[in-house]
There are 2 protein chains.
Amino acid sequence: MKKSKKRSDCPISCSLDIWGDKWSLLIVRDLMFFQKSTYGDFLRSSEKIATNILASRLQSLEDNGIIERSEHPDSKAKVLYRLTKKGIDLLPIFVEIHLWAEKYFPLPAEFEATIKEAKKDKDLYIRSRKR
Amino acid sequence: MKKSKKRSDCPISCSLDIWGDKWSLLIVRDLMFFQKSTYGDFLRSSEKIATNILASRLQSLEDNGIIERSEHPDSKAKVLYRLTKKGIDLLPIFVEIHLWAEKYFPLPAEFEATIKEAKKDKDLYIRSRKR
DNA sequence: TTATTTACTTGCATTTTGCAAGTGCACATG
DNA sequence: CATGTGCACTTGCAAAATGCAAGTAAATAA
């Protein structure tokens, strides 16, 4: 299921080996900023990830301790995904990516609020995400 | 040559569309932290990028304004690659990735010094890279 | 009891990656 | 000034990853 051999000992390279693909960080983004938490939620994101790719990325994120599966309060048919501490700790990276993007792309307004809130008080924000 | 259609307007997604693959950030890393600046330099990095992939990534990074090609002072046979402002502005992202990695992987000592210096005085560091 | 929702899996075509072997220009050497 | 070597790529092909459509199985809703 996993074949992620690490390419080198470089911390950047090791990090990319885990989440440096086109989809992983988007799933983390959905969990971190958009309160998405189920398979269906992720599928419905505007980037339209393929269902098999989603499954494989969720598996790999779980294998790498970035997310964890748990029971969904609403139904046994649902699975609730959430960020682990290791996953939540990716927040500063997202903030910096956002700052960079802000500088070099025109940004849709809907994102401003979300990230600005995160920047304002990181700890409060993290705690508010009920972990 | 380029087919990078953007998947959505999300700033994270747009950023990943540019450099969110397994190799692009490693090239930027080499330019930013290890004074590598030629095709051969990148090829010799410990992750062992394939030569055709390197060529395509360099092209795409250039197309996206992250790096620029210029004449090499030593020889016409060489090409000197360097980061643009847009590329240098990725530095804070690297710093955060490194902080994250530091927390979750054991780190080889050689990287400590380099990144610590960068964190210490970002502007000075950037200026020292002769742009 | 049947239909629908949810989380996947499977099969196959397309795309991207990886590897090995070129190619062509520049420069150094004899 | 011919010839070899270094450098920046290309090319061709095999292997892996991705994307798409359809299917499956358990749980809930009607």
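A, B, ... follow the sequence lines: proteins, then strands. Residue 1 opens every chain. From a predicted model like this one, the values you see are computed outputs, not experimental measurements.
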Closest to side chain of Ser75(B), choosing from dG18(C), dC8(C), dC27(C):
dC27(C)
Measuring from the side chain of Tyr81(B) (C-beta onward, heavy atoms only), which nucleotide among dT6(C), dG6(D), dC9(D) has the closest atom?
dC9(D)
How many whole angstroms separate atom CD of Glu47(A) from atom C1' of dC20(D)?
18 Å
Between Asp21(A) and Thr51(A), name the one whose nearest nucleotide on DNA chain D is closer to the 5' end.
Asp21(A)
I'd like to know if the side chain of Lys36(A) pairs up with that of Ser45(A) as donor and acceptor (distance under 3.5 Å, no hydrogens or angles considered).
yes
May I ask you to verify if any side-chain N or O of Trp23(A) is less than 4.0 angstrom from the OP1 or OP2 atom of dT18(D)?
no
Could you state the NZ-C1' distance from Lys78(B) to dA26(C), rounded to the nearest angstrom?
12 Å
Kindly give the heavy-atom pair with the smallest separation between Ile27(A) and Leu54(A), and that separation in Å.
CD1-CD1, 3.7 Å
Quickly work out the Leu54(B) CG to dC7(D) P distance and round it to whole Å.
14 Å
Take the protein atom NZ of Lys22(B) and the nucleotide atom C1' of dA17(D), then report the distance between them rounded to whole Å.
11 Å
Closest-nucleotide mapping onto DNA chain D: is Leu80(B) or Ile49(A) further toward the 5' terminus? I mean the 5' end.
Leu80(B)
Where the side chain of Val79(A) is concerned, which of dC9(D), dG19(D), dC8(C) is the nearest nucleotide?
dC8(C)
Separation of atom CG in Asp74(B) from atom P in dA28(C), rounded to whole Å
10 Å
Would one find a side-chain N or O of Tyr39(B) under 4.0 angstrom from OP1 or OP2 of dT10(D)?
no
NZ of Lys36(B) versus P of dC7(D): gap in Å, rounded?
14 Å
Proximity to the side chain of Ala55(A) - top-ranked nucleotide from dT9(C), dG19(D), dC9(D)
dT9(C)
Integer-rounded Å distance: dT10(C) C1' and Ile53(A) CD1:
13 Å
What nucleic acid atoms does Phe42(A) come within less than 4.0 Å of, heavy atoms only: base, sugar-phosphate, or nothing?
nothing
Rounded distance (Å) that lies between atom P of dG6(D) and atom CZ of Arg44(B)
11 Å
One thing to verify: whether Arg7(B) and Asp17(B) come together as a salt bridge, which I'm taking to mean a side-chain N less than 4.0 angstrom from a carboxylate O.
yes
If only side-chain N and O atoms count, and only distance matters, is there a donor-acceptor pair under 3.5 Å linking Tyr81(B) with Asp41(B)?
no
Can a side-chain donor-acceptor contact be found between Thr51(A) and Tyr39(A) if the only test is distance below 3.5 angstrom?
yes
If you find the nucleotide of DNA chain C closest to Asn52(B) and the one closest to Arg69(A), which residue's nucleotide is nearer the 5' end?
Arg69(A)
Check every atom of dC27(C), dA27(D), dA8(D) against the side chain of Lys76(B) and return the nucleotide holding the closest atom.
dC27(C)
